[in-house]
Amino acid sequence: MGPSSELIRDAYDHSIGGERIPSTDGERFPIVDPATEEPLTEVAAAKTVDVDRAVEAAREAFPMWRDTAPDERGRIVHRVSQLVREYQDELAALESLDQGKPLSQAESDMEGAARYFEYYAGAADKLEGTSVPVGPDQVDFTVREPYGVSAQITPWNFPGNLFARGVAPALVAGNTTVVKPAEETPLSSLRLAELCVEAGVPDGVVNVVTGFGDPAGTALSSHPDVDTITFTGSVSTGQTIMKQAANNVTPVTLELGGKNPAVVFPDADLVEAANWITKAIFTNAGQVCSAADRVLAHEDIHDDLVERIVEKAVSYDIGSGSENLDMGPLASENQLEKVVRYIDLGREEGATLATGGNTPDREGYFVEPTVFTDVENDMRIAQEEIFGPVLTVTPFPNEAEALALANDVEYGLVAGVFTNDVKCAHRFARRLEAGNVYVNKWFGDTNQTPFGGYKMSGIGREKGLEALDSYLQTKNIAVNLADGSSKDLPGA
Ligand code: NAI
Ligand code: MG
């Protein structure tokens with residue numbers, strides 16, 4: 001089964017306690033090639049009992065991993081980064097096949113994955129507490145301790161890259177992990193878990209269970225023995241997870257997507273703005289939480305900018321991931337149906353199709369790069385996350401109106417402004433309601449920069465040193481130096 005028997009196996013089991021373990025009931029489900037709609041392989045379908053086994057393995061491994069010297073943890077995690085680089089071509093080919101993105105983009109994802117392990121490896125022995133000067137009678141200091149078992153529920157748009165984004169900081173902080181990749185795209189996570197074992201990560205420290213949101217995801221996010229949850233995906237699933245976590249008072253880090261504005265002023269370099277925006281909406285067929293979804297274009301340059309973006313959009317070549325053209329298929333049939341519904345909705349709402357809007361007559365979940373103009377900001381296509389190659393363009397008359405339009409949305413993940421006026425750029429950088437702001441570029445985040453949402457786009461930060469806060473809890477330790485009983489009372 002599958003196009004390359006070397007790259008992909010006939011069937012996959014869970015990765016629990018360093019071993020390949022089938023589901024207790026033996027059930028598997030098919031993984032579909034989004035470029036052909038044909039089954040590629042099948043993976044184990046986790047039930048609650050399988051999630052329990054994975055959490056138990058992570059729990060058992062925790063004290064040993066917590067007590068491994070930090071420099072040793074760092075060296076092991078660094079070896080993971082080296083193996084990800086060593087196997088980068090294989091990982092990229094697998095990701096591209098499973099998820100649909102052009103090979104070059106999958107290669108970039110895997111370079112990023114290697115970087116996460118490399119970057120956090122160096123932090124493992126630098127997670128210092130503080131000493132608190134409370135006076136002569138007490139020694140007081142803080143230590144930063146791991147939570148324990150970190151559950152990671154990941155989506156299907158950047159599966160391998162997001163595995164690394166969450167697992168690397170969790171590990172260096174001394175947590176053990178259970179990852180549940182999205183049911184559409186579990187293969188790179190299973191392979192990365194094997195590379196962790198090969199790198200010397202002890203058995204049970206990294207576990208992967210494959211399965212659906214219900215029952216596998218639910219079992220994980222409501223598990224009383226999970227100590228912290230990291231989730232990337234839709235707002236509604238994030239809200240469900242938060243409610244489930246509330247029953248156990250389990251902390252959550254949520255990254256819930258966006259509806260990100262790109263504001264273009266007349267003085268901007270329009271060639272560059274069009275290049276950035278096209279890349280920022282059509283990379284990974286628009287299935288990017290930080291895509292540039294909504295262009296807000298000043299009236300004076302609106303037509304010129306649209307013309308440049310459309311010219312680029314129509315030049316896009318579409319094909320399977322392995323053909324490595326400009327854009328691949330959407331990752332699943334569900335996502336194709338959702339995107340097509342939004343394109344139909346855009347027409348019904350009265351927006352104008354400047355280009356695209358069709359699904360090419362071929363197998364696979366393909367849709368053309370699509371640009372809507374005459375978009376009012378209160379239209380649903382301007383407010384809701386489409387998660388496809390669909391750009392909306394809305395004109396604005398002045399700076400105040402541009403800012404109001406940019407912020408008039410429930411989401412707040414990223415935002416961008418294109419202008420050569422340094423004061424205007426900084427005014428927007430301050431006032432845009434988003435966790436990340438780009439000036440005269442897009443995708444300005446790196447592994448080193450904190451990333452996360454304002455408003456409905458999430459809670460907490462991934463990436464950078466700040467991500468470690470999601471994986472460490474602070475303990476304050478007070479040691480008495482005084483003789484005799486003290487008069488200290490709570491609240492003093
Ligand atoms: P989803 O949020 O339902 O799926 C993401 C992950 O959550 C998957 O691993 C899934 O199995 C798991 N999950 C689903 N229900 C769960 C539950 N009740 N408890 C625990 N885990 C659960 O996203 P879906 O339905 O695949 O995509 C729908 C929309 O979500 C997309 O069209 C897009 O707008 C948005 N999305 C945003 C992403 C982002 O990067 N922020 C990534 C993926 C989707
Ligand atoms: Mg879902």
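We number each residue from 1, following the sequence as shown. Whatever order the structure lists them in is the order used to number ligands and atoms, beginning at 1.
Polar contact with ligand 1: present for Gly257 (N/O pair, distance under 3.5 Å). At a 3.5 angstrom cut-off on N or O pairs, Gln335 counts as close to ligand 1. Considering backbone and side-chain N/O of Ile153, none are found under 3.5 Å from N/O of ligand 1. For the pair Thr240 and ligand 1, the shortest N or O to N or O distance does not fall below 3.5 Å.
Ring pair Phe418/Trp442 is parallel by interplanar angle, where below 30° counts as parallel and above 60° as perpendicular. Ring orientation note: the planes of Phe212 and Phe29 are tilted relative to one another, at an angle of 30° to 60°.
Taking every non-hydrogen atom of Thr218 and a distance limit under 4.0 Å, the qualifying atoms of ligand 1 come out as 17 (C), 18 (N), 19 (N), 20 (C). Within ligand 1, the atoms closer than 4.0 Å to a non-hydrogen atom of Glu255 are 41 (N), numbered from 1 in the order shown. Here is the list of ligand 1 atoms found below 4.0 Å of a heavy atom in Leu256: 41 (N). Atoms of ligand 1 lying under 4.0 Å from any heavy atom of Pro155, numbered from 1 in the order shown and given with element: 42 (C), 43 (C). Close contacts of ligand 1 with Ile241, meaning ligand atoms under 4.0 Å from a residue heavy atom, involve 19 (N), 20 (C), 21 (N). Counting the atoms of ligand 1 from 1 in the order shown, those under 4.0 Å from a heavy atom of Ala182 are 8 (C), 9 (O). Ligand-side atoms of ligand 1 in range of Lys338: 29 (C), 31 (C), 32 (O), 33 (C), 34 (O), range being under 4.0 angstrom from any heavy atom. Atoms of ligand 1 found under 4.0 Å from any heavy atom of Cys289 (numbered from 1 in listed order, with element): 39 (C), 40 (O), 41 (N).
Sequence neighbours left out, not one pair with a member in residues 330-340 passes side chain to side chain donor-acceptor pair (under 3.5 Å).
The two residues Cys289 and Glu385 come nearest to each other via the heavy atoms CA-OE2, 4.3 Å. Heavy-atom minimum distance, Pro369 versus Ile318: CD-CD1, 3.9 Å. Of all heavy-atom pairs spanning Asn207 and Gly204, the tightest one is ND2-O, 2.8 Å.
Counting heavy atoms closer than 4.0 Å to ligand 1, residue Thr154 contributes backbone atoms (N, CA, C, O) but none from C-beta onward. Proximity of Ser221 to ligand 1, defined as any heavy-atom pair under 4.0 Å, is confined to the side chain (atoms from C-beta onward).
In summary, the side chains of Thr230 and Tyr471 do present a donor paired with an acceptor at a separation below 3.5 Å, with no hydrogens or angles considered. Side-chain polar atoms of Thr185 and Asp98 form no donor-acceptor pair below 3.5 angstrom. Inspection of the Thr177 and Gln152 side chains reveals no N or O donor paired with an N or O acceptor under 3.5 Å.
Glu19 CD: 12 or fewer foreign heavy atoms inside a 6.0 Å radius.
Residue contacts with ligand 1: Asp214 is excluded, as none of its non-hydrogen atoms falls under 4.0 Å. Residue contacts with ligand 1: Phe158 is excluded, as none of its non-hydrogen atoms falls under 4.0 Å.
The closest non-hydrogen atom to atom 33 (C) of ligand 1, taken over Tyr342, Phe387, Tyr411, comes from Phe387. Considering each of Ser332, Pro159, Gly213, Ala151, the one bringing a non-hydrogen atom nearest atom 13 (N) of ligand 1 is Gly213.
The CD atom of Glu349 lies 9.5 Å from the OH atom of Tyr342; values are rounded to the nearest 0.5 Å.
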